[in-house]
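For reference, positions follow the sequence shown, starting with 1.
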Amino acid sequence: MSLIENTIDALTLPGRGILAADESTPTITKRLNAINVESTPESRYDYRHLLLSTPNLNQYIGGVILFEESLTQTGPHGKLTDHMQSMQIGIKVDKGLTTLPNTDQEKITEGLDGLGERLENYKKEGARFTKWRCVYDISSHKPSSLAIDANAEVLARYAAIAQAHDFVPIVEPEVIHDGTHSIDECYHASSAALEAVFNALKRHRVDLEYMILKPNMIAPGKQSNDTINPEEVAHYTLNAFMRHVPAAVPSINFLSGGIPADIAYQCLQEMNNIGDLLPWRLSYSFARALQEPCMEAWLGKEENKTSAQAKLLEYAQKNSECLADFQK
Ligand code: 13P
């Protein structure tokens, strides 16, 4: 079996999700500061060691996405990646967002230059899959067709480069949850983004069998007056995916996007209740919806480490147990 076949098999083992622990340094700093922990290389090591060394995490998690710093970082417990149990090592390879000229402050993701060379170095450190995130805001005139096309093109170029170097690419078009938009507006924006992404993937001859889609769930905006109804989210989300995601994609692993952990879990459960006859696995690749309960239990204190790990395991288990039977 080839390297990329092995990786996709490991990531799509029955009942497994993906843990996103790839916050950039500014983002993890914000999260650590929120629990009154100073963000230093040492505190980031401690926190990420806590996550990775959670006993039995590999029963529910098939792979963990890391930020570049974590891939080579060592500390009191040795190299962080030596604690991966049997979980696949993933790496965020984009270099973040910049403004897309000639739009109303819409974003494009950078990082294609030199990507092939970086991938060869990541491979030597044991990385086997990659992630690239593009974002789309919703307003009366966003996302624009320019932002939709430009982001689709970079996502597809990234995925093609990753596969050329034997990595499984996670393709992440994220329609941002922040905003006052309705679920219908999220449906239209997400559908347009997905349509353009799969056209671009086809144009760039990306092997759909060896990639993972990491989309947002289709939901009303965080600042809208509408509450999130998991059954409605499942209905809208699967409706859009049936129209825009080819059956050859083996797995859809949702991001949580700021939807609270217990609601994100219910949405995943609803989708899997409907999802028995669908062609793809419907799994998760959460950051906040897995890490927030764990961080709140930890609060940066060594004595809370065991209870924080128990929270992470609890949420991984809950999410994995709701995956449809055919994935188990
Ligand atoms: P959230 O689950 O917190 O949205 O993070 C997922 C992710 O990896 C964003 O790129």
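- Under the 30°/60° scheme for interplanar angles, the aromatic rings of Tyr45 and His49 are found to lie parallel.
- No side-chain donor-acceptor contact under 3.5 Å links Thr81 and Glu125.
- A 4.5 Å side-chain heavy-atom check between Glu68 and Tyr122 finds at least one atom pair inside the cut-off.
- Counting heavy atoms from C-beta on, the side chains of Leu194 and Pro173 come closer than 4.5 Å.
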Quick one: do Arg48 and Glu23 satisfy salt bridge (charged side-chain N to carboxylate O under 4.0 Å, His left out)? Show the steps, please.
CA-CA 11 Å; Arg48 286 164 168 162; Glu23 295 84 358; 3.6 Å; yes

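- Inter-residue side-chain proximity for Leu80 and Thr74 is flagged as unmet; no heavy-atom pair is nearer than 4.5 Å.
- With hydrogens and angles disregarded, a donor-acceptor distance shorter than 3.5 Å links the side chain of Arg118 to the backbone of Val93.
- Other residues, nucleotides and ligands place more than 12 heavy atoms under 6.0 Å from the CZ atom of Arg31.
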Evaluate the side chain to side chain contact (heavy atoms under 4.5 Å, CB included) criterion for residues Gln317 and Gln59: first the C-alpha distance (whole Å), next the side-chain angles of each, then the deciding distance (0.1 Å), finally the verdict.
CA-CA 8 Å; Gln317 179 172 6; Gln59 284 183 14; over 6 Å; no

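- Remark: the Arg203 side chain and the Asn199 side chain contain no N/O donor-acceptor pair separated by less than 3.5 Å.
- Applying the 6.0 Å contact sphere to CD of Glu38 captures no more than 12 heavy atoms from other residues, nucleotides or ligands.
- Few gaps surround NE2 on His83; more than 12 heavy atoms of other groups in view lie less than 6.0 Å from it.
- Residue Val168 forms a side-chain contact (heavy atoms from CB on, under 4.5 Å) with just one option from Thr130, Asp207, Leu11, and that option is Leu11.
- Side chain of Glu106 to main chain of Ser144: a donor-acceptor pair is present (N/O by atom type, distance under 3.5 Å, no hydrogens or angles).
- In terms of modelled atom types and a separation under 3.5 Å, the side chain of Ser224 and the main chain of Thr180 share no donor-acceptor contact.
- Looking at Tyr315 and Gln291, their side chains never come closer than 4.5 Å, going by heavy atoms from C-beta outward.
- The shortest distance between side-chain heavy atoms of Cys294 and Leu50 falls below 4.5 Å.
- Looking only at side-chain heavy atoms (C-beta outward), Ile148 and Lys142 stay at 4.5 Å or farther from each other.
- Between the side chains of Asp94 and Thr109, not a single donor N or O lies within less than 3.5 Å of an accepting N or O.
- Using a 30° and 60° split on the angle between ring planes, Tyr158 and Trp132 fall in the parallel class, below 30°.
- Taking a 6.0 Å sphere around CD of Glu209, one finds it holds more than 12 heavy atoms contributed by other residues, nucleotides or ligands.
- Side chain to side chain, Arg44 and Ser39 meet the donor-acceptor criterion of an N or O pair below 3.5 Å.
- Annotation: side chain of Leu238 is in contact with side chain of Met271 (closest heavy-atom distance under 4.5 Å).
- A donor atom on one side chain and an acceptor atom on the other are not found under 3.5 Å apart for His181 and Gln223.
- Salt bridge Lys131/Glu172: present, at least one basic N to carboxylate O contact under 4.0 Å.
- Defined by atom type and a distance below 3.5 Å, a donor-acceptor pair is present between the side-chain atoms of Asn253 and Ser251.
- Remark: Lys318 is positioned above the aromatic ring of Tyr265, its terminal NZ or CZ atom under 6.0 angstrom from the ring centre and at most 45 degrees off the axis.
- Looking only at distances, a side-chain donor or acceptor of Tyr284 sits under 3.5 Å from a matching main-chain atom of Ala316.
- Side-chain contact annotation: Gln269 with Glu321, donor-acceptor N/O pair under 3.5 Å absent.
- In the model, Ser182 has a side-chain atom that pairs as donor or acceptor with a side-chain atom of Glu185 under 3.5 Å.
- Remark: aromatic rings of Phe241 and Phe198 are distant, center separation not under 6.0 Å.
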Stepwise salt bridge (charged side-chain N to carboxylate O under 4.0 Å, His left out) check, Glu174 with Arg133:
CA-CA 7 Å; Glu174 176 176 3; Arg133 172 177 177 253; 2.6 Å; yes

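- For the pair Arg16 (side chain) and Pro14 (backbone), a donor-acceptor distance under 3.5 Å is present.
- Side-chain N or O atoms of Asn151 include one that pairs as donor or acceptor with a backbone N or O of Ala147 at under 3.5 Å.
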Should Ser53 and Gln309 be marked as a side chain to side chain donor-acceptor pair (under 3.5 Å) after you check the CA-CA gap, both sets of side-chain angles, and the distance that decides it?
CA-CA 8 Å; Ser53 63; Gln309 289 182 325; 3.3 Å; yes

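- In this structure a side-chain-to-backbone donor-acceptor pair under 3.5 Å is missing from Asp22 to Leu66.
- Counted by atom type alone, Asn216 and Tyr136 present zero donor-acceptor pairs between their side chains at under 3.5 Å.
- Across all non-hydrogen atoms, the minimal contact from Phe254 to Met217 is CD2-CG, 3.6 Å.
- In this model, no donor atom of one side chain and acceptor atom of the other lie less than 3.5 Å apart for Tyr187 and Thr237.
- A donor-acceptor distance shorter than 3.5 angstrom exists from the side chain of Trp280 to the backbone of Pro246, with no hydrogens or angles considered.
- Applying the 6.0 Å contact sphere to CD of Glu303 captures more than 12 heavy atoms from other residues, nucleotides or ligands.
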